[in-house]
*Asks:* 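Can you read through this structure? Questions will come right after.
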Protein chains: 2
Amino acid sequence: METELNDKQLQIMQKALEVFAEKGFDSASVRDIAQRADVNVAMISYYFGSKEKLLEAIFLNNTNSMKGKIENIIHSRAHGPMEKVDLLIDTYVNVIIENRTFHSLMMREQVLLKDGPLYTYVRDMKRRNRSLIEVAVKAGQKAGIFQKNIDVSMLAITLFGSVNHFFSNYKFLCEDFKIKPTDGDFDIKAIEKLKGHIKIMFKAFLTYGISNKK
Amino acid sequence: METELNDKQLQIMQKALEVFAEKGFDSASVRDIAQRADVNVAMISYYFGSKEKLLEAIFLNNTNSMKGKIENIIHSRAHGPMEKVDLLIDTYVNVIIENRTFHSLMMREQVLLKDGPLYTYVRDMKRRNRSLIEVAVKAGQKAGIFQKNIDVSMLAITLFGSVNHFFSNYKFLCEDFKIKPTDGDFDIKAIEKLKGHIKIMFKAFLTYGISNKK
DNA sequence: TTGAACTAAACAAACGTTTAATTAATTTTT
DNA sequence: AAAAATTAATTAAACGTTTGTTTAGTTCAA
């Protein structure tokens with residue numbers, strides 16, 4: 001399962017990811033992918049077995065890649081609990097920006113996931129992300145600077161939901177903010193707005209009812 | 001454009017919505033839809049012109065329906081600004097539950113929307129929802145019980161993002177909460193958790209830095 | 001010489017849509 | 001009110017594409 005990927009395979013996967021994200025998995029034809037990757041159509045079946053398994057390979061590859069990046073947070077010699085939460089927010093947003101094409105694809109296809117490899121990859125990634133929040137929250141509570149009444153699952157929904165919604169609705173947001181949506185890239189100011197808002201909101205919530213005596 | 005819809009058309013639209021939400025627009029075949037709606041395949045082209053226009057009819061119908069329900073908030077003789085925010089949260093969640101099938105479809109297809117009728121329907125609905133938050137926030141600020149430093153666009157992202165994420169990830173959440181995902185229906189306790197969490201979070205954020213002297 | 005990499009062509013299946021014919025309902029004319 | 005004419009609703013079949021995949025053969029490197 002964990003076989004090495006040669007250059008041609010990676011090339012196909014990269015172009016396929018683009019086409020999948022652009023048109024959706026079902027509308028993306030293997031001929032289109034093959035053409036953009038500059039290979040023969042038969043190479044997709046030859047290397048991956050099927051279009052479906054090509055998607056699986058892409059999911060496995062990208063969820064693993066994101067896993068590595070997110071888990072760097074753990075090894076950061078971190079400061080206080082609040083700073084850890086801020087770091088988590090920054091990192092999550094940055095990772096999504098780095099993997100924006102895959103993230104867009106995943107957002108679209110996750111709704112239809114039944115049991116199967118894709119479901120497992122996505123579920124495990126979500127679990128890992130959630131548990132990072134849990135660790136940070138419990139640390140803050142232990143230190144006495146976070147309130148006790150915190151539902152971590154719901155907090156995770158707020159964080160990931162807000163960030164995902166921001167990127168999913170970026171096209172609509174550009175109209176609100178009067179930003180020209182430069183193809184593929186996000187407006188830095190908008191990103192900072194997002195990060196700042198979530199940080200303040202989380203701080204307000206996490207410290208709700210905690211007196212500020214130093 | 002605003003022609004009346006006869007029973008057969010409504011029947012097709014309803015079944016089509018189910019199939020679209022279940023398989024995604026592209027994977028849903030007109031033959032499948034026709035079979036479930038118990039009509040001949042040709043009736044879809046006959047009544048709607050094309051599969052694409054059938055989708056448009058569904059979007060127009062449902063966004064209008066949701067518009068009506070959400071705007072009931074305005075006409076509620078409401079209490080204080082904070083109660084209005086709570087009402088907004090409750091209503092939005094309830095409307096999504098009522099229209100869960102369409103909401104699921106919209107979540108999936110909105111990413112691919114270019115210009116066109118669908119984009120307009122969705123964009124206008126989002127704008128209306130956002131402006132409801134804006135009104136409530138400004139009222140609270142005027143009354144002096146909400147803090148001044150509030151980015152309404154970002155607050156809207158947090159609200160709608162959290163709620164949408166909750167429903168999009170309901171399948172995953174059930175595993176976390178050890179709920180059996182009853183087909184189509186949502187767990188009442190989980191819904192109350194969601195509403196409660198967002199309300200507390202919003203209260204903490206909106207009143208952040210406001211002293212509680214009565 | 002053996003096996004992997006690669007290709008053009010063919011494959012059957014499924015797709016959305018159209019056609020041509022028929023039945024049902026409605027309107028117009030007698 | 002009955003008959004005729006017209007329009008709407010409905011059907012099975014066919015249309016031309018496009019789909020993902022396979023096949024049979026060729027090129028290339030070891």
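Within every chain, numbering begins at 1; the chains are lettered A, B, ... in the order of the sequence lines, protein sequences first and strands thereafter.
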*Asks:* Within this structure, what is the CG-to-P distance between A:Asp26 and C:dA14, rounded to whole angstrom?
*Replies:* 15 Å
*Asks:* Tell me: CZ of B:Phe25 to P of C:dC15, nearest whole Å?
*Replies:*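 Whole-Å distance recorded here is 13 Å.
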*Asks:* What nucleotide among D:dT21, D:dT10, C:dT17 has an atom nearest to a side-chain atom of A:Ser45?
*Replies:*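 Nucleotide nearest to A:Ser45's side chain: D:dT21.
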*Asks:* Consider only side-chain N and O atoms of B:Asn62 and B:His103, and report whether a donor and an acceptor are under 3.5 Å apart.
*Replies:* no
*Asks:* Using the side-chain heavy atoms of A:Ala42, tell me which of these nucleotides is nearest: C:dG16, C:dA8, C:dT18.
*Replies:* C:dA8
*Asks:* Checking all strands, does A:Tyr47 fall into the base, sugar-phosphate, or nothing category for heavy-atom contacts under 4.0 angstrom?
*Replies:*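 Since only primed, P, OP1 and OP2 atoms lie under 4.0 Å of A:Tyr47, the category is sugar-phosphate.
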*Asks:* With DNA chain D as reference, determine whether B:Lys8 or A:Lys51 sits nearer its 5' end, using the nearest nucleotide of each.
*Replies:* B:Lys8
*Asks:* Will you find, in the side chains of B:Lys195 and B:Asn94, an N or O donor that is under 3.5 Å from an N or O acceptor?
*Replies:*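 Per modelled atom types, B:Lys195 and B:Asn94 side chains form a pair under 3.5 Å.
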*Asks:* Ignoring the backbone of A:Val41, work out which of D:dA9, C:dA5, D:dT21 is nearest its side chain.
*Replies:* D:dT21
*Asks:* Return the value, rounded to whole Å, for the distance between atom CG of B:Asp32 and atom P of C:dC15.
*Replies:*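 Atom-to-atom, B:Asp32 to C:dC15, this comes out as 8 Å.
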*Asks:* Would you indicate which nucleotide in C:dA5, D:dG20, C:dT17 comes nearest to any side-chain atom of A:Arg31?
*Replies:*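 Closest nucleotide among those given: D:dG20.
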*Asks:* Do B:Tyr92 and B:Asn164 get their side chains close enough for a donor-acceptor pair, meaning under 3.5 Å?
*Replies:*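 On atom types as modelled, these side chains qualify, holding a pair under 3.5 Å.
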*Asks:* Rounded to the Å, how far apart are A:Ile44 CD1 and C:dA5 P?
*Replies:* 16 Å
*Asks:* Does CD belonging to A:Gln35 count more than 12 external heavy atoms closer than 6.0 Å?
*Replies:* no
*Asks:* Please give, in whole Å, the distance from D:dA29 P to A:Asn6 CG?
*Replies:* 15 Å
*Asks:* With a 4.0 Å cutoff (strictly under), does any side-chain N or O of A:Tyr46 reach OP1 or OP2 of C:dC6?
*Replies:* no
*Asks:* Is any side-chain nitrogen or oxygen of B:Asn40 closer than 4.0 Å to OP1 or OP2 of D:dA12?
*Replies:*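 Yes, such a contact exists.
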*Asks:* Write down the distance between CZ (B:Phe48) and C1' (D:dT10), rounded to a whole number of angstrom.
*Replies:*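 Distance, rounded to whole Å: 15 Å.
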*Asks:* For a quick check of understanding: with a heavy-atom distance under 4.0 Å over all strands, which category does A:Ala28 fall into, base, sugar-phosphate or nothing?
*Replies:* sugar-phosphate
*Asks:* Rounded to whole angstroms, how far apart are CE on A:Met43 and C1' on D:dT26?
*Replies:*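 Rounding to the nearest Å, CE of A:Met43 and C1' of D:dT26 are 13 Å apart.
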*Asks:* Provide, to the nearest angstrom, the distance between the CG atom belonging to B:Asp38 and the P atom belonging to D:dA9.
*Replies:* 17 Å
*Asks:* Using a cut-off of less than 4.0 Å, is there contact between a side-chain N or O of B:Ser29 and OP1 or OP2 of C:dC15?
*Replies:* yes
*Asks:* Tell me yes or no: between the side chains of A:Lys69 and A:Asn99, is some donor less than 3.5 Å from an acceptor?
*Replies:*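 Yes, side-chain donor-acceptor contact under 3.5 Å.
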